[in-house]
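First the proteins, then the strands, lettered A, B, ... as listed; each starts at 1. All figures in this text were calculated on a predicted structure; none of them were measured in a lab.
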Number of protein chains: 2
Amino acid sequence: MSSKPTMRDVARKSGLSIATVSRVINFPGEVPAETAEIVTAAMRYLNYRPNINGRRLKMSQTRTVGVLVPTLANPVFATSVQGIEQEANIEGLTVLLTSSNYDPEREMGAVSALLNNRVDGLILTLANADNNPVVDLLLAEKIPFVLLFNQPERADIAAISVDNAQSAFDITNAMIAKGHRSLAMVAGQFESSDRSRQRYDGFCRALDQAGIEKKHLVQVRFGETDLVEPLRDLLLGPDAVTGIVCSTDMLAIAAISACRAHGLSVPGDVSVGGIDGISVGGLITPKLCSAVQPTQEMGRQALAFLRGLIKGQTNPQSLLLPHHLSDGDSIGLFRGNSPHRSSTRV
Amino acid sequence: MSSKPTMRDVARKSGLSIATVSRVINFPGEVPAETAEIVTAAMRYLNYRPNINGRRLKMSQTRTVGVLVPTLANPVFATSVQGIEQEANIEGLTVLLTSSNYDPEREMGAVSALLNNRVDGLILTLANADNNPVVDLLLAEKIPFVLLFNQPERADIAAISVDNAQSAFDITNAMIAKGHRSLAMVAGQFESSDRSRQRYDGFCRALDQAGIEKKHLVQVRFGETDLVEPLRDLLLGPDAVTGIVCSTDMLAIAAISACRAHGLSVPGDVSVGGIDGISVGGLITPKLCSAVQPTQEMGRQALAFLRGLIKGQTNPQSLLLPHHLSDGDSIGLFRGNSPHRSSTRV
DNA sequence: ATGAACATTTGAAACGTTTACATCCGCAGA
DNA sequence: TCTGCGGATGTAAACGTTTCAAATGTTCAT
């Protein structure tokens with residue numbers, strides 16, 4: 001009476017066998033309504049709850065999926081997880097969530113822990129999808145997995161993302177179209193994010209196409225929100241830029257803040273664009289202009305996709321979801337260097 | 001050879017018994033270095049990974065804790081989960097995360113699922129901590145749990161939060177100190193959040209103390225970010241306010257946006273204050289003035305506290321962590337109704 | 001040589017499920 | 001009456017661990 005009641009207790013209480021109890025739980029249709037009632041009554045009486053761990057041990061499928069994201073502090077990932085959980089809930093799947101903090105070492109540890117839990121599959125956002133030991137491990141062990149936000153080079157890996165390079169290309173072009181010729185990109189460190197590099201590539205492509213030679217790049221540690229110093233030269237130096245493309249919206253918001261700290265107005269003196277489309281971007285002033293990806297939907301799709309893989313559907317294919325530019329006002333017409341700005345220059 | 005190797009396989013391979021293998025894994029110290037080496041070699045050779053579900057079934061403790069938050073879309077909760085995971089990682093605990101979407105019905109379902117997983121304890125942020133069937137269930141089943149952000153009336157429930165009423169009181173007072181006498185609160189619906197109500201109480205207390213009679217209140221659905229219509233009367237009506245206290249920072253950011261949409265400047269025409277202290281608040285313009293709570297730290301503490309309860313430490317006590325007002329500039333001096341504002345009024 | 005004391009290792013019984021297989025029973029058709 | 005069938009239930013063997021009690025081997029004082 002002290003410990004939790006088990007199926008055996010329910011069986012005893014209802015005068016039936018443990019097998020019948022199990023059937024009532026798992027295949028209510030295959031049992032006469034009358035017996036089912038007896039059993040459920042006993043369960044209610046005893047306050048019985050099935051021990052999922054017993055089931056998980058016995059069954060080959062655990063109906064659990066593992067999720068690894070870099071961090072929950074960035075709303076992009078938080079909302080994608082929301083999408084995953086939403087879809088998982090519908091399917092009655094349990095989600096095991098971990099985060100790597102952008103640290104490749106922790107990625108392996110986290111995935112290892114998830115595998116010890118015998119998850120049926122994984123959804124991962126990796127620092128670097130290419131040449132990644134985690135990916136190799138998963139392929140070797142034949143565990144179904146889907147990459148989210150990563151855009152791996154190998155075609156035989158399931159991945160759901162937007163076209164990172166194209167996103168950056170588009171937002172950069174939006175600036176060029178407004179007359180800006182002196183641009184910089186602020187990006188998360190490439191070692192911590194392949195997306196960061198891919199987006200930089202798109203940035204460069206846009207500049208090349210416009211015949212712009214100077215390609216400024218500032219890499220910042222992830223989680224960093226104070227860009228005042230990192231951007232000083234870019235904003236006030238001898239060849240200051242008039243447009244900053246940020247590899248994420250979080251960086252863009254931080255960049256706008258840094259511009260202000262340097263006495264520059266956005267978009268008056270400097271235009272700033274982001275990538276991701278996090279929701280606060282639409283609320284701040286100036287409204288952030290960003291290459292928006294359907295984050296939550298991507299999470300949902302990732303889970304749906306993973307479910308397919310788990311069911312044995314082979315030939316994983318990558319999905320590139322469409323992005324779009326939001327109509328913000330953080331990108332403005334090029335006006336030369338405003339008086340205010342030149343006066344501010346050190 | 002097809003399926004995953006088990007301890008039995010490792011035992012066979014190393015010519016030792018399954019019990020010895022288990023001891024190598026769990027008590028490496030109690031086994032001669034030589035045998036340990038043989039066993040680990042076998043494990044490496046077979047690519048063995050322990051099946052945690054087997055262990056969980058056998059052991060009385062699962063070394064798993066369940067976490068329930070309203071949503072990950074609000075950075076307050078996302079960062080608190082970060083804190084929880086951080087601390088859990090150190091302890092080698094697994095975190096099972098679910099969200100309720102502010103829906104009391106889903107709360108019970110989610111907790112039930114967690115209990116089926118036989119979690120050792122729970123960390124919960126509930127819509128309403130008082131008279132909550134989930135709390136009753138947990139108390140009845142004697143499952144250790146800690147409330148996070150909730151401030152229950154009952155003293156026998158472990159809870160970690162800031163003083164919600166006091167937070168609202170302080171931020172409201174900051175406005176009053178700047179000369180504002182016509183104030184409103186924008187809050188999440190009380191049914192979905194006891195904090196919302198507690199914060200409203202603090203708001204009222206501040207107004208009472210200042211001898212202000214009119215107490216405006218607008219309740220909005222959670223997740224709502226478009227406050228243009230909800231705030232119209234408040235901002236443009238016959239007795240428009242000059243200060244808005246928001247029950248969360250997310251609402252505050254949305255409120256600022258709405259003010260702008262109505263042609264009002266913050267803090268020129270209207271002052272806006274928030275509660276929570278999410279990090280973007282410090283990056284936007286105007287810098288959000290908020291009653292800041294140490295969100296991540298609270299998550300960490302919640303886990304530490306829960307660990308104590310699980311270890312059998314009795315007499316749960318509530319912890320009220322200190323909050324502080326951030327020095328933002330979203331709250332400004334009362335200037336009467338500016339010409340701009342009156343001209344904008346419909 | 002004998003047995004006590006100790007260090008290692010092992011056997012086997014759980015933990016709470018699922019499920020293939022067996023059993024039981026009533027009833028229709030012969 | 002017997003055969004056979006099908007529906008309802010029961011038996012028992014897994015699943016992969018942990019762990020207690022017991023066995024085995026080793027060392028050492030007697």
* Asked: So what stems show up for DNA chain C if we need 3 or more Watson-Crick or G-U pairs in a row, all under 3.5 Å?
  -> C:1-30 with D:1-30
* Asked: Should A:R63 and A:E91 count as an ion pair when the cut-off is N to O under 4.0 Å?
  -> no
* If you look only at pairs with a residue in residues 43-71 of chain B, which of them pass as a ring pair (Phe, Tyr, Trp, His ring centres under 6.0 Å), with sequence neighbours excluded? -> none
Do any N or O atoms of the protein come closer than 3.5 Å to N or O atoms of nucleotides 24-26 of chain C, and which pairs are they?
none

* In whole angstroms, how far is the P atom of D:dT18 from the CZ atom of B:R63? -> 13 Å
* Asked: To the nearest angstrom, how far is A:L57 atom CG from C:dC15 atom C1'?
  -> 9 Å
* Structure fact -> Within residues 37-56 of chain B, the residues having a heavy atom closer than 4.0 Å to DNA chain C are none
* Atom pair CD1/CG of B:I160 and B:L147 - distance to nearest 0.5 Å -> 10.0 Å
* Whole-Å distance separating the CZ atom of B:F27 from the C1' atom of D:dT17 -> 12 Å
* Does OP1 or OP2 of D:dT17 have a side-chain N or O of B:S22 closer than 4.0 Å? -> no
What nitrogen or oxygen pairs link the protein and nucleotides 7-10 of chain C at under 3.5 Å?
unit_1, atom_1, unit_2, atom_2, d
C:dT10, OP2, B:S17, N, 2.8
C:dT10, OP2, B:S17, OG, 3.3
C:dT10, OP2, B:T20, OG1, 2.8

* **Value in whole Å for how far the P atom of D:dA12 lies from CE of A:M7** => 16 Å
* Write down the distance between NZ (A:K4) and P (C:dC15), rounded to a whole number of angstrom. => 16 Å
* To do: Whole angstrom is fine here: how far is it from CZ in A:R8 over to P in C:dT17?
  => 9 Å
* **Qualifying ring pair (Phe, Tyr, Trp, His ring centres under 6.0 Å) pairs, either residue in residues 68-117 of chain B, two or more places apart** => B:F77-B:F149, B:Y102-B:F222
* Please give, in whole Å, the distance from C:dA20 P to A:N26 CG? -> 12 Å
* Asked: Between atom CG of B:L72 and atom CD of A:Q82, what is the distance when rounded to the nearest 0.5 Å?
  -> 5.5 Å
* Asked: Out of B:V81, B:I123, B:V67, which one pairs with B:V95 under the side-chain contact (heavy atoms from CB on, under 4.5 Å) rule?
  -> B:V67
